Amino acid sequence: MNPNLPVGGSAIDLQLGAKRALPENLTQLGIASAYSHYGETYRGSTRADDRSLSLDILLTTLSARHHFGEGWSADVALPTGSIWLHPGGGEPTLTLNGFGDLELGVSYDFAALWGVGAYRPSLRWRQGVGLPTGRASTVEDPASEAPPSVLSLGLATYSVITELTWTQFLTPSIAVMAPLSVRQPLGRTETGKEYGTIARYGGAVLVVPTRNLVLSAGVEHQVRGHITDREEGRLLNSGSTVTRGVVNGSWRLSDLFTLQAGAGRPLRVDVEGQQISESFTVTAGLSLNFAGSEDAHAHGGHDDHGHDDHDEHGHGADHDENANGHSHERESSDSYGDGGAHARGPHAHGSGDFRDLATGGRSFALANAAVPGKITVIDFWADWCEPCKHIGATLRHLAAMHPNLAVRKVEIVDDDSPAAREHLKGKVALPEVWILDTSGRRLHTLRATSDARVRAALQPLLEGQPSKK
């Protein structure tokens, strides 16, 4: 089964390297450019013959986003660009250069509540604010076919932005995504314009043909409210509804770099009065993904809302039923004869009792996993799980420091692998870590967990034990 499952509610987030867990302590820096050509004039929903007026817009946006973990992230974006207005009829081209509106936002993915993996949906909420750093148009013709909403770099006023993005996988490589955003301008610009509400909504199909490639195609509907001028009142040529077809692609070149490209074109236009409309838009971008250091992960100080320690029905995984569940799994796993071989094999990773228990998705006998007299950690991991790498480094360090700690690694290839079916019941939400006491009884089941959570669970068990200085 393809490991690319919804993370963070967007196609780009699918490629952060945190495939079955929400990103944690991860920073993204991005640069994206969009070129739009406006060359078609409409009266209502009817295309006019007037082709004298046209304009081109080039916007480049610098952005930064940090994932704190547990579904939370914050972002900042600053667009800058140019607008070239070609009046036609031998008139000179007018140019507008400057910054757009600085935008600050905070996001939460509700998948942090119910877990990421299998076919669980992702629902991301984002709340943002736009600051009036944009440059409004100096064209003062109220009857212009190019309304101020087009001849502006940003809105040049405060605004509040609310976004919801729902992502649901239907098959291992096909998903549907439904975004919704509403931007509400607040107050008037310095030129006396008051913008109406801007709403966007639509749907898209995502296709994930390979682990590093995400393709999408969809339709979005945009509604722009009319514009009111302080002196002229409601502007005749303002307000519109546009339905656009959009295609996008994202290619993850490495853990550090991701490329994006896209294109859009109006399918249906309906404007108030007579206005110039978009002909097409093309986009391109590059993002850099920086994972935090081991120490940053380990000492983040965040709890996991308790959901790491809960089973599918919300019951704590630390209660007495674990003893019965442990005995049952011990009996049902004995048929897999290769598990013990992996536990005893020469797959040591550095100093300390740190070994492979099962690789390639194979299952194992739980009876051979627990190390008598030691705290045993069973670490379920996968090479496509970025948080698993950080937890693995943390466990390697702890095993080297504490001789009474044994770490056993279990590689999960996909949901259908024997290890996932036998021990995770086919519901993979990596990283997953089991902690067994010195008698082999399971104390903790940490699902979709983090470094901080693993350390917090192990610390009281390792306190008082001799360590290597």
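Residue indices begin at 1 and follow the sequence shown. Here the structure is a predicted model, which is why all the values come from computation and not from measurement.
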Asp356 side chain vs Thr359 backbone, donor-acceptor pair below 3.5 Å | no
Centroid separation Tyr35 to His37 less than 6.0 Å = no
Got a donor-acceptor contact below 3.5 angstrom from the Thr283 side chain to the Ala261 backbone?
-> no
Just wondering, more than 12 heavy atoms not from Phe99 lying within 6.0 Å of its CZ?
-> no
So, His402 side chain and Ile375 main chain: donor-acceptor pair closer than 3.5 Å or not?
-> no
Answer yes or no: is there a donor N or O on one side and an acceptor on the other, between the side chain of Asp101 and the main chain of Gly154, under 3.5 Å?
-> no
Distance-only, no hydrogens or angles: does the Gln127 side chain make a donor-acceptor pair with backbone N or O of Ile161 under 3.5 Å?
-> yes
State whether the side chain of Thr157 and the backbone N or O of Leu186 hold a donor-acceptor pair below 3.5 Å, judged by distance alone.
-> yes
Have Ser73 and His66 got a donor and an acceptor in their side chains that come within less than 3.5 Å?
-> no
Is the cationic atom of Arg396 (NZ for Lys, CZ for Arg) positioned less than 6.0 Å from the six-membered ring centroid of Phe354 and within 45 degrees of its normal?
-> yes
Between Lys374 and Asp353, is there a side-chain N and carboxylate O pair less than 4.0 Å apart?
-> yes
Does any donor atom in the side chain of Trp434 or Glu432 lie under 3.5 Å from an acceptor atom in the other side chain?
-> yes
Backbone N/O of Val371 and side chain of Thr376: donor-acceptor pair under 3.5 Å | yes
Partners meeting salt bridge (charged side-chain N to carboxylate O under 4.0 Å, His left out) with Glu411 (sequence neighbours left out) | none
Can you check whether Trp125 and Tyr108 have ring centres sitting under 6.0 Å from each other?
-> no
Distance in Å, Ser63 OG paired with Glu103 CD, rounded so as to fall on 0.5 Å steps | 10.5 Å
So, do Val176 and Leu170 sit near enough that their side-chain heavy atoms are less than 4.5 Å apart?
-> yes
Is there a side-chain contact between Arg355 and Lys409 (heavy atoms, below 4.5 Å)?
-> no
Side-chain donor/acceptor of Thr394 to backbone N/O of His390, under 3.5 Å = yes
When Arg126 is tested against each of Thr165, Thr162, Asp75 for side-chain hydrogen bond (donor to acceptor under 3.5 Å, both in side chains), which residue passes?
-> Asp75
